[in-house]
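These numbers come from a predicted model, not from an experiment. Sequential numbering from 1 along the given sequence is applied to the chain's residues.
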Amino acid sequence: MATFFLIIIYLAFISLGLPDSMLGSAWPVMRLDMDASLGTAGVLSMVIAACTIVSSLLSGTVLRLFGTGKVTLISCILTAGALAGFSWSPSLIWLVLFAIPLGLGAGSVDAGLNSYVAAHYKAHHMSWLHCFWGVGASLGPIIMASFMAGDNLLWRQGYLAVAGIQLLLVVILFVTLPLWDKVAKSSRVQLSAQEGQQEHEEAAAGASVSVKSWRVKGVNLALLTFVFYSGVEASVGLWGSSFLVNIKDLPAATAAQWVSLFYVGITVGRMLTGFITFKVNNRMLIRYGQWVALAGTVLLILPLPSIVSLAGLMVIGLGLAPIFPCMLHETPARFGKGHAPSIIGYQMAAAYTGTTLVPPFLGLLASNSTIGIFPMFIVLFAVAMILCTERLNYFVRKVRVG
């Protein structure tokens with residue numbers, strides 16, 4: 001039963017990733033229908049991300065009150081309705097309004113399923129869980145591209161199709177709702193007394209030092225690294241298609257397909273990272289990933305044929321793949337197990353902050369100049385991420401030697 005139920009959770013994470021990459025793929029066409037500026041996509045992205053932060057912060061209380069199953073079901077209903085609303089929206093203000101439930105639903109699903117898997121399944125399942133987010137994020141632009149192919153430019157039907165997929169998941173979640181509590185109770189029975197005592201002691205230790213965690217040397221650099229990482233990932237996803245259409249003169253459907261390969265790179269990279277960790281430690285994977293991502297952004301800058309830009313997007317995705325999960329996993333080693341729970345929470349907040357603020361900032365700059373600044377902007381953020389990480393590694397080495 002647990003394996004069958006895990007498949008349902010993986011399907012839910014695919015549906016979570018589907019809408020995340022659609023706005024950037026469809027925006028070159030959407031903005032013409034809505035008579036909106038290029039940078040308006042950044043505003044929509046910011047509304048979605050801000051609502052995701054709110055629902056994530058409230059998720060602990062909501063999950064305790066209603067349980068993960070019900071929260072996931074309601075959240076999927078919200079996202080399905082919001083996506084259907086996007087397909088119907090007659091004006092920009094309606095897109096903004098429907099962006100609110102889209103963000104609220106996504107944040108609850110993200111936090112709820114991560115917490116559930118962490119509590120009731122073994123650790124390696126968490127890595128695969130985020131791979132399935134990448135599957136959804138890769139399929140989103142592909143679905144949108146299929147509706148925008150040729151002269152049709154049917155972006156509304158693309159959103160409606162994904163809304164239909166979400167509704168199908170709603171039906172599956174409703175039918176399997178009683179399983180959530182059964183699987184949770186079964187997994188709790190299987191926990192040994194020793195494991196339970198260890199979890200209790202670590203939780204108590206984390207609670208006792210939570211106030212002091214901000215003061216741990218290097219935490220500020222870790223938070224900045226998450227801001228820069230999320231800024232790069234979200235900006236490439238949102239503005240990559242517009243860059244390819246306006247600077248590389250590619251058709252909107254082709255640009256959407258190319259951006260999907262960026263998410264394919266993340267997905268494949270994270271799948272491989274799960275195996276590579278047996279031979280390479282987190283710090284080296286983070287370092288290699290950052291330099292590979294930087295190399296991909298350089299390919300976007302070079303005045304070479306458009307196919308090089310395609311390679312650049314894929315290389316960026318492959319480079320980014322190990323960074324986020326490895327940075328989270330390295331937190332206890334960097335700052336101690338007692339501080340880790342609090343600091344991981346800070347890092348997630350920093351990541352959401354980067355997702356919320358960086359893409360709109362790039363959109364504002366592009367609206368007042370040109371989307372041609374996109375690759376140089378990504379290069380600057382990638383370099384900043386590398387500098388923060390290397391400085392953090394220096395602090396960690398210094399503390400250990402001392």
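Thr353 and Thr356 share no side-chain donor-acceptor pair at under 3.5 Å.
Looking at Thr52 and Ile48, their side chains come closer than 4.5 Å, going by heavy atoms from C-beta outward. Two residues are said to be in side-chain contact when any heavy atoms from C-beta on lie closer than 4.5 Å; Trp239 and Phe377 fail this criterion. Arg31 has its side chain out of reach of Thr40: every pair of non-hydrogen atoms, C-beta onward, lies at least 4.5 Å apart. Side-chain contact between Trp155 and Asp33: present, with at least one pair of heavy atoms (C-beta onward) separated by less than 4.5 Å. Considering only heavy atoms from C-beta on, Thr370 comes within 4.5 Å of Ile373 through its side chain. Side-chain contact between Ser306 and Leu250 is present, with heavy atoms from C-beta onward closer than 4.5 Å. Between Ile247 and Phe374, every side-chain heavy-atom pair lies at or beyond the 4.5 Å cut-off. Taking the side chain as every heavy atom from C-beta outward, Ser230 and Tyr352 never approach each other to under 4.5 Å.
Considering every non-hydrogen atom in both Ala350 and Leu223, the closest pair reads CB-O, 3.5 Å. Nearest heavy atoms, Cys131 versus Thr267: O-CG2, 3.3 Å. Counting all heavy atoms, side chain and backbone alike, Ser15 lies closest to Pro19 at O-CD, 3.1 Å. Taking all atoms of both residues into account, the shortest heavy-atom contact from Met327 to Phe226 is CB-CZ, 3.7 Å. Ala163 approaches Ala84 most closely through the heavy-atom pair CB-N, 3.7 Å. Scanning all heavy atoms of the two residues, the minimum distance from Val245 to Ala252 falls at CG2-CA, 3.9 Å.
The distance from atom CE of Met34 to atom CH2 of Trp27, rounded to the nearest 0.5 Å, is 7.5 Å. How far OG of Ser309 is from CH2 of Trp258: 6.5 Å, rounded to the nearest 0.5 Å. With rounding to the nearest 0.5 Å, the separation of CG in Leu169 from CG in Leu73 is 9.0 Å. Taking CG of Asn393 as the reference point, atom CD1 of Ile286 lies at 7.5 Å (rounded to 0.5 Å). To the nearest 0.5 Å, the span separating CD1 on Ile276 from OH on Tyr288 amounts to 11.0 Å. With rounding to the nearest 0.5 Å, the separation of CG in Leu173 from CG in Leu177 is 8.0 Å.
Annotation: salt bridge (Lys or Arg N to Asp or Glu O under 4.0 Å) contacts involving residues 368-393, sequence neighbours excluded, comprise Arg287-Glu390. Evaluation of the salt bridge (Lys or Arg N to Asp or Glu O under 4.0 Å) test over residues 76-96, restricted to residues two or more places apart or in two chains, returns none. Residue pairs that meet the salt bridge (Lys or Arg N to Asp or Glu O under 4.0 Å) test with at least one member in residues 12-22, sequence neighbours left out, do not exist here.
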In sequence, state the C-alpha distance, the side-chain angles, and the governing distance for Arg270 and Trp133, and then conclude on side chain to side chain contact (heavy atoms under 4.5 Å, CB included).
CA-CA 11 Å; Arg270 285 181 178 170; Trp133 172 87; 4.2 Å; yes

Under the side chain to side chain contact (heavy atoms under 4.5 Å, CB included) criterion, do Leu224 and Asn220 qualify, and how do the steps go?
CA-CA 6 Å; Leu224 283 174; Asn220 58 334; 5.6 Å; no

Please report the C-alpha distance between Leu78 and Leu102 in whole Å, then the side-chain angles of each, then the deciding distance to 0.1 Å, and finally whether the side chain to side chain contact (heavy atoms under 4.5 Å, CB included) criterion is met.
CA-CA 6 Å; Leu78 281 176; Leu102 183 60; over 6 Å; no

Going through the distances and angles, do Glu233 and Ile323 end up as a side chain to side chain contact (heavy atoms under 4.5 Å, CB included)?
CA-CA 11 Å; Glu233 182 185 291; Ile323 299 173; over 6 Å; no

Verify side-chain hydrogen bond (donor to acceptor under 3.5 Å, both in side chains) between Ser75 and Thr72, making sure each step is shown before the conclusion.
CA-CA 5 Å; Ser75 298; Thr72 303; over 6 Å; no

Side chains of residues 290-298: which donor-acceptor pairs under 3.5 Å do they make with residues two or more places apart or in other chains?
| unit_1 | atom_1 | unit_2 | atom_2 | d |
| --- | --- | --- | --- | --- |
| Gln290 | NE2 | Thr389 | OG1 | 2.8 |
| Thr297 | OG1 | Leu294 | O | 2.6 |

Could you list the donor-acceptor pairs under 3.5 angstrom formed between side-chain atoms of residues 137-145 and any protein atom two or more places apart in sequence or on another chain?
| unit_1 | atom_1 | unit_2 | atom_2 | d |
| --- | --- | --- | --- | --- |
| Ser138 | OG | Gly134 | O | 2.7 |
| Ser138 | OG | Tyr263 | O | 3.2 |
| Ser138 | OG | Val264 | N | 3.0 |

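Among residues two or more places apart in sequence or in another chain, the side-chain hydrogen bond (donor to acceptor under 3.5 Å, both in side chains) test is passed with Ser367 by none.
Checked against the 6.0 Å centroid threshold, Phe132 and Tyr10 count as a close aromatic pair.
For the pair Ser369 (side chain) and Leu365 (backbone), a donor-acceptor distance under 3.5 Å is present.
Heavy-atom neighbours of Lys248 NZ from other residues, nucleotides or ligands within 6.0 Å: above the threshold of 12.
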